[in-house]
2 protein chains.
Amino acid sequence: MTTLSPSGPVAGQRKVRRATMNDVARLAGVSIKTVSRVVNDEPGVHPSTAERVLAAIDQLGFRRNLSARNLRRGSSTGTIGLVLEDVGNPFYSGVTRAVEEIARLRGRQVISGSSDEDPGRERELALEFCSRRVDGLLIVPAGLQHSYLVPEMRAGTPVVFLDRPAGDVVADTVLVDNIGGTVEAVTHLAAHGHRRIAFLGDAPDIFTANERLRGYREGCVRAGVGYHEELVAMGPHDEGSVATTLKRLQHLREPATAIVAGNNRITVHILRTLAGVAERPALVGFDDFELADLLSPPVTVIAHDASALGKAATDLLFARLDGDNSPPRRVVLPVRLVPRGSGEVHA
Amino acid sequence: MTTLSPSGPVAGQRKVRRATMNDVARLAGVSIKTVSRVVNDEPGVHPSTAERVLAAIDQLGFRRNLSARNLRRGSSTGTIGLVLEDVGNPFYSGVTRAVEEIARLRGRQVISGSSDEDPGRERELALEFCSRRVDGLLIVPAGLQHSYLVPEMRAGTPVVFLDRPAGDVVADTVLVDNIGGTVEAVTHLAAHGHRRIAFLGDAPDIFTANERLRGYREGCVRAGVGYHEELVAMGPHDEGSVATTLKRLQHLREPATAIVAGNNRITVHILRTLAGVAERPALVGFDDFELADLLSPPVTVIAHDASALGKAATDLLFARLDGDNSPPRRVVLPVRLVPRGSGEVHA
DNA sequence: CCGCTGGGGGACAACGTTGTCATAGTGGCC
DNA sequence: GGCCACTATGACAACGTTGTCCCCCAGCGG
């Protein structure tokens, strides 16, 4: 295996024009249409002609321009757009992977972008993708207003919302059972004798955070332990605010003996804050995460499957692309409580 | 906030043709060029005309077709291609995030795909991206043959290799200091009295795995503990094979008292295997991972920064796009040993 | 009244493909 | 020999934009 340098000046060859079918045609001494035939494996080209064309293609380093092709054919661009909150978050990267996988099977490329929970950025990304004429859109909504998508949907771009519902359009949506999950978490803790169960969640304008809060409240009521404002802390959380909150919960007249964490980031903040603390409250976290089983104590979680979420949404999208025009669907994926230890501590 | 259904039949509107500038022009009673002027904020359009055009755009839900635009202008497509091993792996999703971030600042969209360590798939993805006329390519090489990229590079598409070097082309490359890292790991363990230090790595045809093995060997020699074949286990590892290997290492005539893990997946397998075991060997893992500090004992690692890697590579790519045509560069990012406990166990 | 200026707007070609249709040549059959 | 069928190939338009160039007309100075 020799080391080839792409001969001649390579880096910074910004000015070179890529070879087109025209160039190939000229070099091979045929018409451009014949080149097209060869490139597309269409019949009716004499083998010797095809050979000349292929040689020219090789010599010029020709590669068909897909944009031009799609433009002319008016066909799909073979892309789907994915707008999520942050690819860097393992949960969403799991989603991305699943989306990519299915898209691949259906011969599509994925274009993705992170909104960072910023509605403006979400919109910017989604519309940019529409300008690129993606065949469909998968969106983890950052905001509550999605009417900007109405023209796109009307123009035939299917949109599936993921993880959270859209604010003001009716469209396919895939969610997880946030309420059921937190109800189960609370019930589980109550069953182990806890009556002072706290909830730390994300800002309540985030759909999932709000739903989980509702589930928490319902769980408290059902378990007969009552809902107490003082045991709840919503809002954007960082390590510092979590530490403060935990301290507060501990020093209540009736301290919290158990905590439900609203998502994986919060769970991790809590774990870090509690590291080395002897008297630990029981803990159940929403979202599973790697190594949860290897911590001590292992962390009990409400688990749901990122790739199942991605798969369900993408399947739905492709169903629409295949012509399914039934009314918009809302799919709610189940969650399950995985008891590992941290949630089985008795009060 | 009312709930708008995109009026009329929406889902399954596969047949609708998107409005073009032509349609807008007709509706507004102007020429298509005037529409173009309005859409592009070009001067020389009477405000009242512009208003009519905007109204028509709104009414028809027109959105400029970026492919057509780029085709006509011969300008960049505003996209860059990213081929990695698996977006689902937190390390690569960190890379992805960083790439996305920089691309955004430079007004580019990222198209990405996972090769799953399959050279054929890598090639397929890279060439597909070239067909889409990405402005540049970032590739985590799966195989050793990349001469297929020569025509593309010659045609002016800059390519930067990431995490591993290309097999047979000279191109920009960003790596981490694999050898230095493992040397440091071994040195560290030896300094704590270990003389029987094992190495579990990935298949040696993977560049990083091989480099790390070299570093391990060099570290052993430098530390004066010698290199022993029996302490090394390379190859694809799953939980089972890791368990078997650990057992073997434990039952050697002179058992291993310390382990260097070749990457984060292997580290995790080891941790899972050792869970609950009383007599644990010392452990240093290559790649940092979330929660490493919360395990007991906390895991000592050779850390390097996924986002730094992504950033460096993307910066390099954009430098090329900006016209930098200096000879291909090879950037090696430093790693650092983060002592947390698991590696500071004395032999 | 003429010519000039400049703002507002349009006609047309071109980007790189592919679909449609036409045509040249070749051989076979009556 | 004339006609047909068939193969191999090409000319040309069109996809949705934008760049270039041109035109019309109002206003203005001489």
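Throughout, protein chains are lettered first and strands after them, A, B, ... in sequence-line order, and every chain is numbered starting at 1.
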Check this for me: does the side-chain of A:R37 come within 3.5 Å of the base of D:dG10 through a donor and an acceptor?
yes
What contact category does A:N40 fall into here, base, sugar-phosphate, or nothing, at under 4.0 angstrom with non-hydrogen atoms? sugar-phosphate
Taken to the nearest whole Å, CE/B:M21 to C1'/D:dC15 is 14 Å
- prompt: If only side-chain N and O atoms of A:S36 are considered, is one of them under 4.0 Å from the OP1 or OP2 phosphate oxygen of C:dT18?
  reply: yes
By nearest-nucleotide position on DNA chain C, the 5'-leaning member of B:P47 and A:E42 is B:P47
Residues of residues 50-76 of chain B with a heavy atom under 4.0 Å from any atom of DNA chain C, listed by number, are B:L71, B:R72
Tell me whether B:R329 is salt-bridged to B:D324, with the criterion being a basic N under 4.0 Å from an acidic carboxylate O. yes
*asked:* Is it the case that over 12 heavy atoms from other parts of the model lie below 6.0 angstrom from the CD atom of A:E51?
replied: no
Whole-Å distance, A:K33 NZ to D:dA11 P, equals 13 Å
Minimal heavy-atom distance between B:L162 and B:V95, with the atoms involved, is CD2-CG1, 3.7 Å
>> Donor-acceptor pair, distance only, cut-off 3.5 Å: does the side chain of B:R133 make one with the backbone of B:C130?
In response: yes
Against the side chain of B:T49, the closest entry in C:dT17, D:dT9, C:dG9 is C:dG9
Margin query: Could you check whether B:R108 pairs with B:E100 (Lys NZ or Arg NE/NH1/NH2 to Asp/Glu carboxylate O, under 4.0 Å)?
Written below: no
Quick note, A:T20 side chain, CB onward, closest among C:dG16, C:dA11, D:dT18 is C:dG16
Here the distance between atom C1' of D:dC15 and atom CG of B:D23, to the nearest Å, is 13 Å
Which is true for B:V39 with a 4.0 Å heavy-atom rule: it touches a base, it touches only sugar-phosphate, or it touches nothing?
nothing
Rounded to 10°, the angle between the first-five-pair and last-five-pair axes of the helix from C:dC1-D:dG30 to C:dC30-D:dG1 is 70°
Can a side-chain donor-acceptor contact be found between A:S76 and A:D135 if the only test is distance below 3.5 angstrom? yes
- Does a side-chain N-to-carboxylate-O contact under 4.0 Å join B:D23 and B:R18? no
Exercise for review: Take B:N40 and B:R64 through the test side-chain hydrogen bond (donor to acceptor under 3.5 Å, both in side chains) and record every step on the way to the result.
Suggested key: CA-CA 10 Å; B:N40 292 294; B:R64 162 175 75 191; 2.6 Å; yes
